[in-house]
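Quick notes on the structure that follows.
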Amino acid sequence: MALALYNTLTRRIEPFQPLAPPRVTLYSCGPTVYNFAHVGNFRTFLFVDLLRRWLEASGYDVFHIMNLTDVDDKIIKAAGERRTSIDDLVKPFIDAFFEDRDYLRIVPAHVYPRATEFVEPMIRLVQGLLDKGVAYRGEDGSVYFGIARFPAYGRLSQLDTRELKIGASGRTSADEYDKDNAQDFVLWKAARPEDEAVSAAWDAPFGRGRPGWHLECSAMALELIGQRYQTQVLDIHTGGVDLIFPHHEDEIAQSCAFTGQDLFAKYWLHGEFLNIRGSKMSKRFGNITTARDLKADGVEPAGFRLLVFQTHYRQQLDLTDEALTAAREGARRLGDFADRFDTASVTKPDPTSPWAGLAATLANEFAAALDDDLNAPRAVAAAFEFVREANRLLDERIAPTPAAKTAWDAVDRVLAVAHRAQARAEIAASALDADPAALGDQVPEDPAARLGWASRWSARRATAKRSRDFALADQIRVRLKEAGFELRDRRDGSAELVDRR
RNA sequence: GGCGCCGUCGCCAAGUGGUAAGGCAGAGGUCUGCAAAACCUCCAUCCGGCGGUUCGAAUCCGCCCGGCGCCUCCA
């Protein structure tokens with residue numbers, strides 16, 4: 001079994017064969033940092049996270065680049081309104097993006113190049129295209145890419161260029177720029193006073209201006225993989241489906257025209273959209289949900305990850321309260337198992353143990369699922385089946401083998417969908433009452449103090465149970481539940497205290 | 001108008017020619033002073049509709065119905 005991925009370029013699932021294994025160069029289109037990234041953005045980044053983790057788990061040596069678009073129309077507009085530079089505008093959003101990324105347990109890329117830090121390579125790229133005659137200066141001073149000079153144009157999006165309905169999206173007007181051909185795209189935009197006002201203009205041999213949107217990805221990718229590996233072709237390029245056209249189409253055009261290579265990236269992977277209650281997120285509908293909103297609502301990252309991974313990355317995903325609740329409960333169950341499994345003592349390797357077959361099934365099914373174009377829903381199903389069987393064996397007090405632990409850990413490492421409890425404490429059957437003054441009605445904020453508080457109450461309850469004062473015991477249970485604690489009694493009178501907050 | 005996707009259990013969602021994974025919810029049970037957790041059993045003879053191809057179709061083809069995306073700067 002080997003990894004196969006759906007390649008937008010060929011519209012087929014292809015065996016994954018990197019250009020120079022075990023190295024894999026991975027370029028991901030990142031956020032435009034003029035606002036907080038929303039859950040739709042993060043769905044795409046989670047798909048990339050899964051790809052990254054699975055490539056590494058499969059033994060590849062991945063070099064992962066994710067760009068940050070820190071200069072574009074919206075950023076310039078916002079900076080102008082706030083009378084600040086684009087750099088000052090963007091900084092807090094970059095910080096926020098990294099915070100959100102960490103919150104969602106997304107493995108950081110190796111580099112996060114910012115467009116404004118790569119203006120020199122961009123200028124070289126534009127100059128190269130001018131020299132080759134595929135780019136031209138418009139009368140407005142901007143530089144455009146002439147798609148008529150690049151026969152392969154349209155290969156990725158499979159759009160017949162003659163059929164493009166100009167302005168069909170309603171987002172632009174055809175006469176917005178001074179172009180030879182309506183489908184030509186801008187490489188370098190001549191500087192306007194608004195750009196100068198927010199420090200979004202650079203000198204170039206072909207005129208002062210700023211980069212067009214598509215330019216940065218080509219320039220940064222070529223620069224970074226060129227420096228590091230002396231190559232001009234990426235193994236994988238990722239993004240959301242909306243980037244297929246025109247963004248990625250244009251990247252290919254300008255990159256390949258510049259390098260003379262047939263490919264800019266060997267594999268193009270695109271993640272589908274996440275919608276909210278049936279419709280696309282947009283400012284117009286006022287239905288933008290950010291990662292911070294999830295955090296504020298107390299949604300555990302594992303729950304959100306599970307929700308995302310329970311749908312294949314090439315299928316649209318509808319975010320609803322019910323779906324989120326269901327995923328959170330699933331993540332909780334996986335987390336409870338993970339905690340339990342972590343603390344279970346292990347036997348020596350034993351091929352005759354019932355764990356042996358379980359471990360093998362999990363490892364095989366998990367790998368087969370992800371190798372099949374990152375079929376995460378199937379991989380998740382394998383995890384759940386393992387958890388059910390494993391819980392049964394643990395219930396029967398059959399200790400797991402090292403192989404079982406290894407298999408589960410690998411799954412947990414790639415998916416990270418198990419929501420472990422904040423904290424747990426053991427309450428002995430013989431627990432003694434604490435000093436009544438130490439009990440306290442107020443639940444402390446500090447996590448350790450919280451657990452201490454709940455433990456003392458649990459001890460109080462244990463003594464109440466011993467004296468068969470069940471009314472008091474139940475009262476304490478209710479009070480602990482309200483504070484976010486779950487108490488699991490055992491037959492022997494001991495109990496486990498779980499912090500669910 | 002062009003390119004493309006989807007419609008599978010109450011909800012979510014795999015499966016894309018060989019006779020329906022998984023999750024959540026629900027019902028019953030084991031355990032239990034109670035309550036959880038965990039486990040066991042049950043929960044789609046059927047995959048939007050109608051035709052067709054085939055020994056065999058949720059899976060292929062056609063038509064219809066319904067939902068959605070992209071078509072120049074949105075992940």
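Letters go in sequence order (proteins before strands), and every chain restarts at 1.
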Collect all protein-nucleotide pairs involving nucleotides 15-17 of chain B in which both atoms are nitrogen or oxygen and the distance is under 3.5 Å.
from	atom 1	to	atom 2	distance (Å)
B:rG15	OP1	A:Asn375	ND2	3.1

Atom pairs under 3.5 Å: protein N/O with N/O of nucleotides 24-26 of chain B:
from	atom 1	to	atom 2	distance (Å)
B:rC24	OP1	A:Arg333	NH1	3.4
B:rC24	OP2	A:Arg333	NH1	3.4

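One atom, CG of A:Asp395, and another, C1' of B:rC31, lie 10 Å apart when rounded to the nearest Å. What separates CZ of A:Arg314 from P of B:rG4 is a distance of 15 Å, to the nearest Å. Whole-Å rounding puts the A:His247 NE2 to B:rC70 C1' distance at 15 Å. Atom P of nucleotide B:rC5 and atom OH of A:Tyr6 are separated by 7 Å, given to the nearest angstrom. Here B:rA75 presents its P atom at 15 Å from CD1 of A:Ile276, a figure rounded to the nearest Å. Remark: P of B:rA75 and CG of A:Asp318 are 20 Å apart, rounded to the nearest angstrom. Distance, A:Gln310 CD to B:rC11 C1': 12 Å, rounded to whole Å.
Residue whose closest nucleotide on RNA chain B sits further toward the 5' end, between A:Asp474 and A:Trp213: A:Asp474. Looking at which nucleotide of RNA chain B each of A:Gly271 and A:Arg392 is closest to, the 5′-most match is held by A:Arg392.
In this structure, B:rG7 forms a base pair with B:rC65, meeting either the Watson-Crick or the G-U wobble geometry with both donor-acceptor distances under 3.5 Å. Searching all strands for a Watson-Crick or G-U wobble partner of B:rU54 with both distances below 3.5 Å returns nothing. Pair assignment for B:rA21: none, as no Watson-Crick or G-U wobble contacts are both less than 3.5 Å. Checking B:rC39 for Watson-Crick or G-U wobble geometry (two distances, each under 3.5 Å) identifies B:rG29 as its partner. Figure legend. B:rU16 is base-paired to no nucleotide; pairs are counted as Watson-Crick or G-U wobble with both atom distances under 3.5 Å. Across all strands shown, B:rC34 forms no Watson-Crick or G-U wobble pair with both key distances under 3.5 Å.
Between A:Ser494 and A:Asp492, the side chains place a donor N or O and an acceptor N or O closer than 3.5 Å (distance only, hydrogens not considered).
In this model, the phosphate group of B:rC34 is not approached by any side-chain N or O of A:Arg488 to a distance below 4.0 Å at OP1 or OP2. Of the side-chain N and O atoms in A:Thr32, none sit less than 4.0 angstrom from OP1 or OP2 of B:rC74.
In this model, no side-chain donor or acceptor of A:Lys74 finds a partner on the base of B:rC74 within 3.5 Å. Interface remark: the A:Arg477 side chain does form a donor-acceptor pair with the B:rA35 base, using a distance-only criterion of under 3.5 Å.
Of the listed residues (A:Phe47, A:Tyr103, A:Phe304, A:Phe97), just one forms a ring pair (Phe, Tyr, Trp, His ring centres under 6.0 Å) with A:Phe42, and that residue is A:Phe97.
Separating the C1' atom of B:rG56 from that of B:rU45 is a span of 16 Å, rounded to the nearest Å. Look at the P atom in both B:rG49 and B:rC65: the space between them is 15 Å, to the nearest Å. Using atom P as the reference point in both B:rC46 and B:rG2, the two lie 38 Å apart (nearest Å). Comparing the P positions of B:rC63 and B:rC5 gives a spacing of 15 Å, expressed to the nearest Å.
Under the 4.0 Å criterion applied to side-chain N and carboxylate O atoms, A:Arg479 and A:Glu482 are not assigned as salt-bridge partners. At a threshold of 4.0 Å, the pair A:Arg424-A:Asp336 counts as salt-bridged, since one of the basic side-chain nitrogens sits closer than that to a carboxylate oxygen.
Between A:His248 and A:His270, the ring planes are tilted. Angles from 30° to 60° get that label.
In this structure A:Ala265 satisfies the side chain to side chain contact (heavy atoms under 4.5 Å, CB included) test together with A:Leu234, A:His237, A:Trp268, sequence neighbours excluded.
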